[in-house]
Number of protein chains: 2
Amino acid sequence: MGYYDSENKFNVAVDCIIFGFDDEGLKILILKRNFEPAKGNWSLMGGFLQKDESIDESAARVLKELTGLTNVYMEQIGAFGEIERDPGDRVISIAYSALINIKEYDKALVEKHNAFWVKYNNIPDLVFDHDEMVKRSLKELRRKAAIQPIGFNLLPPKFTLPQLQRLYEAIYQTTLDKRNFRKKMIEMNVLENTGEKDKESSKRGAYLYRFNKEKYEQLLHEGLSFGL
Amino acid sequence: MGYYDSENKFNVAVDCIIFGFDDEGLKILILKRNFEPAKGNWSLMGGFLQKDESIDESAARVLKELTGLTNVYMEQIGAFGEIERDPGDRVISIAYSALINIKEYDKALVEKHNAFWVKYNNIPDLVFDHDEMVKRSLKELRRKAAIQPIGFNLLPPKFTLPQLQRLYEAIYQTTLDKRNFRKKMIEMNVLENTGEKDKESSKRGAYLYRFNKEKYEQLLHEGLSFGL
DNA sequence: CCAAAAGTGTTATTAATACACCCATGC
DNA sequence: GCATGGGTGTATTAATAACACTTTTGG
């Protein structure tokens with residue numbers, strides 16, 4: 001294949017920005033590297049692209065290696081390709097963000113990789129350009145969460161409205177008006193009240209809702225807006 | 001460097017979606033390939049990443065090879081990495097969009113590459129996944145143009161308000177109210193009336209404006225919104 | 001019985017939209 | 001003098017933001 005430039009081939013990596021949410025707020029999962037290079041420093045979970053996988057598949061595999069999770073909402077953030085971004089060797093890295101339910105992941109795997117959840121407004125310095133990747137993916141998350149109900153991916157299948165509100169408040173680092181928030185969420189018409197109540201965080205208990213993906217997909221086709 | 005995977009190296013390419021605008025509307029610049037592979041088919045302008053350049057630099061170089069232009073507004077659209085996206089060999093391609101002033105490019109170079117401007121709602125089928133790249137970059141352009149005044153990059157340094165309006169109408173494939181449009185543009189406070197008039201498209205003549213980049217940068221820091 | 005969180009509507013403000021006529025000039 | 005495109009303000013409507021009290025129940 002003489003058209004392809006065999007002299008100029010590169011390692012291609014994927015790096016994952018893994019978001020989670022619990023009662024302490026929005027968090028990302030990062031590694032305290034117990035391997036070279038940059039051993040001892042903090043970094044995102046990453047891995048090299050293999051010949052038998054697409055870049056999306058590669059990102060899913062890397063996420064699975066750390067969390068055990070499959071079928072996770074992931075989104076490409078972009079390609080990072082400065083010459084010296086990785087001082088070890090030239091590597092083109094493609095950043096992906098993942099939104100997971102923080103209650104469900106393989107703790108043994110995470111421990112094995114020496115990974116920890118850190119609150120996203122308290123992230124230590126990361127190796128290479130991983131700081132920028134995180135910044136970009138948070139920006140993307142904020143942009144996207146305002147126009148599409150991707151936040152549900154950060155919650156368990158059943159969740160309460162106060163919980164959902166706290167999630168959005170964490171994402172945007174703001175406080176929202178309870179009544180206006182509930183109004184909008186309910187008007188979206190993609191929430192189903194299960195009738196059950198969650199009594200974990202209050203005596204009275206809050207209704208548990210479910211996200212109705214079918215209704216949402218339908219709305220998408222009709223053209224939905226959903227403003228914050 | 002034992003940490004890096006010398007078995008799994010890939011060709012990395014950049015492909016450019018080059019937008020232009022004239023009185024016929026919004027256009028992109030594509031090649032009728034007079035080279036293999038897929039000779040005779042239409043494609044985006046692209047090129048392989050070299051060892052001595054970052055991916056952003058690579059995209060700028062590729063754009064320059066076709067148009068002769070430097071210092072062009074470019075934006076990364078994303079990485080495309082399906083295994084079989086290029087049937088010739090495995091290639092990871094990173095798409096970039098470029099907004100140029102269609103009056104200023106090197107016509108000899110464009111001719112040499114067998115490239116042509118086509119109206120963007122009349123684009124022929126393109127090779128590989130280039131159709132998807134175009135679709136994505138148009139979507140990005142629409143998203144971005146509504147919140148940042150990037151449209152100016154598609155116009156000459158001095159332009160009239162009717163011209164600017166036609167540009168936005170072309171981007172969004174809609175018609176806009178003249179008065180509301182002018183109001184918003186002027187309220188943004190980044191347009192300077194040069195006092196000169198352009199008489200090309202009317203007898204009366206329309207004022208020529210200039211985009212004030214300094215004012216814009218300033219607004220950006222103060223946090224600007226700019227809704228359509 | 002009271003503390004703590006859940007639930008519920010209405011009004012005020014602001015932003016977006018709709019709309020029609022006069023102006024300047026080249027032919 | 002008239003056809004062509006350029007320029008201007010106000011009223012309506014829709015969206016967003018502000019706001020306070022009642023309900024439930026475990027301790």
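Throughout, a chain's letter reflects where its sequence line sits, starting with A, and its residues are numbered from 1. Just so it is clear, the values below take in all heavy atoms, side chains as well, and ignore hydrogens, waters and symmetry mates.
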Practice problem: To the nearest Å, give me how far apart CG (A/N193) and C1' (C/dT8) are. | Solution: 14 Å
Quiz item: To the nearest Å, how far apart are B/F181 CZ and D/dT8 P?
Solution: 14 Å
Quiz prompt | Atom pair distance, as rounded to whole Å: CG in B/L164 and C1' in D/dG7 | solution = 15 Å
Quiz item: Separation of A/K184 atom NZ from D/dA14 atom P, in whole Å?
Solution: 17 Å
Practice problem: Please state whether the base of D/dA18 and the side chain of A/N180 form at least one donor-acceptor pair under 3.5 Å? | Solution: yes
Quiz item: Between C/dC23 atom P and B/K178 atom NZ, what is the distance in whole Å?
Solution: 14 Å
Exercise. Apply side-chain contact (heavy atoms from CB on, under 4.5 Å) to B/T174 and list each qualifying residue two or more places apart in sequence or on a separate chain.
Key: B/Y172, B/L176
Quiz prompt | Crowding at NZ, B/K139 (>12 non-hydrogen neighbours, <6.0 Å) | solution = no
Quiz item: With a 4.0 Å cut-off, would you call A/E140 and A/R136 a salt bridge?
Solution: no
Quiz item: Under 6.0 Å between the ring centres of A/F159 and A/F152?
Solution: yes
Quiz prompt | Distance, rounded to the nearest Å, where A/D177 contributes CG and C/dA12 contributes C1' | solution = 14 Å
Exercise. Figure out the CZ/P separation between B/R179 and C/dA20, and round it to whole Å.
Key: 8 Å
Quiz item: Between the side chains of A/D15 and A/S93, is a donor N or O closer than 3.5 angstrom to an acceptor N or O?
Solution: yes
Quiz item: Is the charged tip of A/K107 near the ring of A/Y105: under 6.0 Å from the six-membered ring centre and within 45° of its axis?
Solution: yes
Exercise. Mind calculating the distance between CD (A/Q163) and P (C/dG7) to the nearest angstrom?
Key: 12 Å
Exercise. Select from B/L161 and B/K183 the residue whose nearest nucleotide in DNA chain D is closer to the 5' end of that strand.
Key: B/L161
Quiz item: Which residues within residues 197-207 of chain A lie with some heavy atom under 4.0 Å of an atom in DNA chain C?
Solution: A/S201, A/S202, A/K203, A/R204, A/G205, A/A206, A/Y207
